[in-house]
Amino acid sequence: MKGVITVKEIKGITCDAKNCIYHSKDNNCNAGNIKVGCKTATDESETKCETFICESGCEMK
């Protein structure tokens, strides 16, 4: 069903992105699976979660 987000915690993955729809109050990721990107990364500061989806209204924050 379009627009429905399935919540499935990924064990062992913590998330600090409080504006992401998959972020839980316990700082876990509920995306079910994630994609971490930047093919040319040479250290952790150059990586990013490509699964991030801004929750409703976070663009205004």
Side-chain angles (χ1 to χ4, degrees):
M1 190 181 317
K2 189 174 182 176
V4 174
I5 303 297
T6 301
V7 176
K8 183 177 180 187
E9 180 182 337
I10 304 172
K11 300 290 184 194
I13 301 292
T14 57
C15 176
D16 292 327
K18 298 192 185 314
N19 290 329
C20 181
I21 63 169
Y22 298 116
H23 179 267
S24 76
K25 293 178 183 176
D26 298 328
N27 288 333
N28 293 312
C29 178
N30 289 326
N33 59 63
I34 61 170
K35 179 178 180 183
V36 178
C38 192
K39 293 178 182 181
T40 59
T42 58
D43 74 28
E44 68 271 4
S45 68
E46 296 175 340
T47 63
K48 64 178 183 159
C49 178
E50 293 185 358
T51 308
F52 176 88
I53 297 176
C54 187
E55 73 177 350
S56 179
C58 81
E59 302 89 356
M60 307 283 190
K61 293 180 182 178

Heavy-atom pair with the smallest gap, counting every atom of T51 and A31: CG2-CB, 3.8 Å

Distance in Å, C20 SG paired with I53 CD1, rounded so as to fall on 0.5 Å steps: 7.0 Å

H23: which of D26, N27, N19 passes side chain to side chain donor-acceptor pair (under 3.5 Å): N27

I13: hydrophobic cluster co-members (side-chain, 4.5 Å): I10, I34, V36

S45 versus D43, closest heavy-atom pair with distance: OG-OD1, 2.5 Å

Spacing of SG belonging to C29 relative to NZ belonging to K8, to within rounding of 0.5 Å: 12.0 Å

E46 versus T40, closest heavy-atom pair with distance: OE1-O, 4.0 Å

Distance, nearest 0.5 Å, that separates NZ of K18 from NZ of K25: 11.5 Å

